[in-house]
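All chains are named by letter (A, B, ...) in the order of the sequence lines, taking the proteins before the strands, and each is independently numbered beginning at 1.
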Amino acid sequence: MVGGLRKEDAGRKERLSGWVHRRRDLGGLLFVDLRDRSGLVQISFGPEWTEAESLSLAHRLGSEDVVVVEGEVELRPNDARNPELPSGDVELRVHRLELLNSARTPQIPVYRGPDEDLPAEELRLRHRHLDLRRRELQENLRLRHELILETRNYFGNLGFLEIETPILTKTTPEGARDYLVPSRVHPGEFFALPQSPQIYKQILMTAGYDRYLQIARCFRDEDLRADRQPEFTQIDLEAAFVEPDDIFRWIEGLMAELGKVAQIQAAPPFRRLTHAEAMDRFGSDRPDLRWSLEISDWSDAFGTADSRILQSAVETGGRIRGFLIRGGGELSRKEVEALESVARAAGAPGLLWAKRTGEGGSGPLSRWLGEEEWEASGARSGDLLLVAAGSDRVTSPALSAVRGAVIEAMALPQERSDAWLWVLDFPLFEEHEGRIHPGHHPFVLPHPEDLSRLNDDPLSVRSLAYDLVYNGSELGSGSIRIHDAGMQRAIFRALGMGDQEIARKFGFLLEALESGAPPHGGIALGVDRLVKDFLNAASLRDVIAFPKTTAARALFEGAPSTVGSEELRELHIELRAAPVGVRTP
RNA sequence: GGGGCUGUAGCUCAGUUGGUUAGAGUGCCGGUCUGUCACACCGGAGGCCGCGGGUUCGAGUCCCGUCAGCCCCGCCA
């Protein structure tokens, strides 16, 4: 309302409410930028059009005071228009001012000057009510709302039902740490907050709700990152009698619609890569395909070079892979060594490199490269080779990190601004410290072609799991699920669970599957990440109204916090040690 | 659990090789000002240099520890 005034409104009487954004007190005249969610408009006070009492009150206004003003919309004098403000052609000449609520001087400024940095993140979170008054955050939350609204409409039109699932649920034995909620009426027992509604939506499938949707809150008690919050929101869906292509079609259609809302290009069909291809060509299961730079395999070309590092890498079953950087010779030795330390930070023992020059080459790798090797590499004079040798397990993450660093160091131009990708056929299992655990979760259907290897070579078994990747960011994961109880038991056993344990932890799921479960599958998309990536926001905290810190604290309200001994007694909980370092805000 | 960066006025920051009374901009308070829009001008108040310990004649500055925020690794079915 406030920010919507235009020159067509000139002459109208208006009553506006809002916050005092900034004031410019000229003595006789006084200008105030009035702010509400719609934007800013200048209101002016002067002895010729403002009641005396209101005028004197106006001179005492401070930042963030809440006011209501009545007056007339007037065209500003020609030389006093502000082209930078949408409402800058007009102002409200105030007849009467009423102070609805005075504000103490804000701890952090809502207004931000052109060259001014934002207040420290800690202060922005502590005084969140003030930070949220900033236009940028209001715009972010508005877009978030619109994307969620569009999502509900889109799936509603496709016949999906939004069904709520419990927040107080059963603890899940694998996966992330659960947030636990003690039961008062059942001493020693705990609910868990859901890491995802996975099992519930599968139960809904067996119950015949064949298209399910939920904008679902999920909780995982793990350490945080810039793109990870302890509680987060997912667009969670599941459908019966589907194949991966059905899911892809729906999600591609959704992204096209959301793209219209957020002005992002999302033209179906999206590119597809198998997990194996993605790892082979980009070293990552979520490559950023805004750049096409790919890994080359030089195992054959360099494997016979007179170098122990290179030879032994191939002899022990590894590969020699790397990047051919056209024009990379322009990078200084220091810059190339920075790339090497990126590789080390990502777990590689090192990164070999060579620049091809007019006569031969330079760099540690070049002493092993004869004319034959140079030719095989495809390098021309002025190019740079970056090479990692060893098992893919080590070199892939390193090369992926190097790829990003090269793109930045060379300032390579984006080849497209919005790169969508499906990554398919994720491994069913992964190995960690000698233990097999699910690559995604234990309910994923093994790839039908690989079933025979389930017992003998489980780590080679692919799954019908897929990820949606946007500009190198994992926006969502899904899969076709197991609907056969026997198959589900076999997977639990492959994960090392005994029959009793299976019955205790997943008996209710198996019972449901045995009752006539349809084939089904689905996907969950991270709303927070989606909004962040669509807005190109710096942090997830900029698209969540009340986010947690990296230490999983809420600074505004001061959660978590201690509770009284009476409350603990009711919950049958005894603390082993007095809490340390608890702050009261 | 590990590594890195940051912490100085309400806010954003500067602070030399360890040296006297710790500065700037903005905000705040007071004053002048009728077309400003980062209003301008004059004056003023405002500091546990995150916290604790150490080295030193002397610490915002060096060392150790600790707390908080951020980033990364591990972790995130």
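- Within 4.0 Å of A:Asp117, counting heavy atoms only, lie sugar-phosphate atoms of the nucleic acid but no base atom.
- In this model, the phosphate group of B:C71 is approached by a side-chain N or O of A:Arg541 to a distance below 4.0 Å at OP1 or OP2.
- Proximity note for A:Leu555 (side chain, C-beta onward) versus B:A38, B:U36, B:G69: the nearest is B:G69.
- Between B:G52 and B:A59, the two P atoms lie 15 Å apart (nearest whole Å).
- Contact annotation: A:Arg126 side-chain N/O to B:A68 OP1/OP2 distance is not under 4.0 Å.
- With P as the reference atom, B:A24 and B:G43 are 13 Å apart, rounded to whole Å.
- Nucleotides B:U66 and B:G25 are separated by 33 Å at their C1' atoms, to the nearest Å.
- Place A:Leu224 and A:Pro197 on RNA chain B by their nearest nucleotides, and A:Leu224 ends up nearer the 5' end.
- To the nearest angstrom, P of B:G35 lies 6 Å from CG of A:Leu29.
- Nucleotide B:U55 forms a pair with no other nucleotide shown, judged by Watson-Crick or G-U wobble geometry with both contacts under 3.5 Å.
- Within 4.0 Å (heavy atoms only), A:Asp221 reaches no atom of the nucleic acid at all.
- Within 4.0 Å of A:Ser44, counting heavy atoms only, lies no atom of the nucleic acid at all.
- Put simply, NE2 on A:His21 is 12 Å from P on B:G27, counting in whole angstrom units.
- Residue-environment remark: CH2 (A:Trp422) exceeds the threshold of 12 foreign heavy atoms within 6.0 Å.
- Looking at A:Glu430, its side chain never comes within 3.5 Å of a backbone N or O of A:Pro438 through a donor-acceptor pair.
- Heavy-atom neighbours of A:Arg96 CZ from other residues, nucleotides or ligands within 6.0 Å: above the threshold of 12.
- Considering only side-chain atoms of A:Ala120, the nucleotide from B:U12, B:C76, B:G69 that sits closest is B:U12.
- Using a 4.0 Å heavy-atom distance criterion, A:Arg225 is classed as a base contact.
- Comparing the C1' positions of B:U17 and B:C62 gives a spacing of 12 Å, expressed to the nearest Å.
- Rounded to an integer number of Å, the gap from CG of A:Leu123 to C1' of B:G69 is 9 Å.
- Taking the six-membered ring for Trp and the full ring otherwise, the centers of A:His437 and A:His432 sit less than 6.0 Å from each other.
- The partner of B:C49 cannot be assigned: no Watson-Crick or G-U wobble pair with both contacts below 3.5 Å exists in any strand.
- Within 4.0 Å (heavy atoms only), A:Leu85 reaches no atom of the nucleic acid at all.
- Here the two rings, on A:His129 and A:Phe556, have centers that are under 6.0 Å apart.
- Per the geometry, CZ belonging to A:Arg112 stands 21 Å off P belonging to B:G10, to the nearest Å.
- Between A:Arg93 and A:Gly113, the residue anchored nearer the 5' end of RNA chain B, judged by the nucleotide with its closest heavy atom, is A:Arg93.
- When the C1' atom is used for both B:C33 and B:A40, the distance is 8 Å, rounded to whole Å.
- Using a 4.0 Å heavy-atom distance criterion, A:Tyr111 is classed as a sugar-phosphate-only contact.
- Residue A:Ala176 places its side chain closer to B:C76 than to any other of B:C76, B:G35, B:G69.
- Of all nucleotides present, only B:G31 satisfies the Watson-Crick or G-U wobble test against B:C41, with each distance under 3.5 Å.
- Distance check, rounded to the nearest 0.5 Å: OG of A:Ser87 to CD1 of A:Ile43 gives 11.5 Å.
- Here the C1' atom of nucleotide B:C11 and the CD1 atom of A:Ile108 are 9 Å apart, to the nearest Å.
- A donor-acceptor contact under 3.5 angstrom links the side-chain atoms of A:Glu91 to the base of B:G35.
- Heavy atoms of A:His127 sit nowhere under 4.0 angstrom from any nucleic acid atom.
- If you take CG of A:Leu130 and P of B:G27, they are 17 Å apart, rounded to a whole angstrom.
- Between A:Phe492 and A:Phe443, the ring planes are perpendicular. Angles over 60° get that label, and only those under 30° would be called parallel.
- Atom C1' of B:G53 sits at a distance of 26 Å from the matching atom of B:A9, rounded to the whole Å.
- A:Arg104 comes within 4.0 angstrom of nothing in the nucleic acid, heavy atoms only.
- B:U26 and B:G10 make up a base pair, with Watson-Crick or G-U wobble contacts both under 3.5 Å.
- Nearest nucleotide to the side chain of A:Arg228, out of B:G35, B:C75, B:G69: B:C75.
- Side-chain N/O atoms of A:Arg23 include none lying less than 4.0 angstrom from OP1 or OP2 on B:C37.
- Put simply, CZ on A:Arg24 is 10 Å from C1' on B:G35, counting in whole angstrom units.
- When heavy atoms are screened at a 4.0 angstrom cut-off, A:Pro119 is found touching the sugar-phosphate backbone but no base atom.
- Within 6.0 Å of CD in A:Glu337 there are more than 12 heavy atoms belonging to other residues, nucleotides or ligands.
- Taking the P atom of each, B:C13 and B:U6 are spaced 13 Å apart, rounded to whole Å.
- Using a 4.0 Å heavy-atom cutoff across all strands shown, A:Thr550 reaches at least one base atom of the nucleic acid.
- Within the 4.0 angstrom heavy-atom criterion, no nucleotide atom of any strand lies near A:Ala346.
- Residues A:His21 and A:Tyr111 bring their aromatic ring centres within 6.0 Å.
- Among the protein residues, A:Gln42 comes within range of the nucleic acid bases, having at least one heavy atom under 4.0 Å from a base atom.
- Distances from the side chain of A:Thr549 to the nucleotides B:U34, B:C70, B:C75 place B:C70 closest.
- Among the protein residues, A:Arg344 comes within range of no part of the nucleic acid, since none of its heavy atoms lies under 4.0 Å from any strand.
- As a whole-Å value, the separation of A:Leu30 CG from B:C37 P is 14 Å.
- Judged by atom type and distance alone, A:Arg220 does not reach the base of B:C75 through any side-chain donor-acceptor pair under 3.5 Å.
- Between A:Thr105 and the phosphate of B:G27, there is no side-chain N or O to OP1/OP2 separation shorter than 4.0 Å.
- Put simply, the side chain of A:Asp79 and the base of B:G35 share no donor and acceptor less than 3.5 Å apart.
- Counting heavy-atom neighbours within 6.0 Å of A:Arg6 CZ, excluding the residue itself, gives a total above 12.
- Remark: the separation of the C1' atoms in B:C63 and B:U20 is 25 Å, to the nearest Å.
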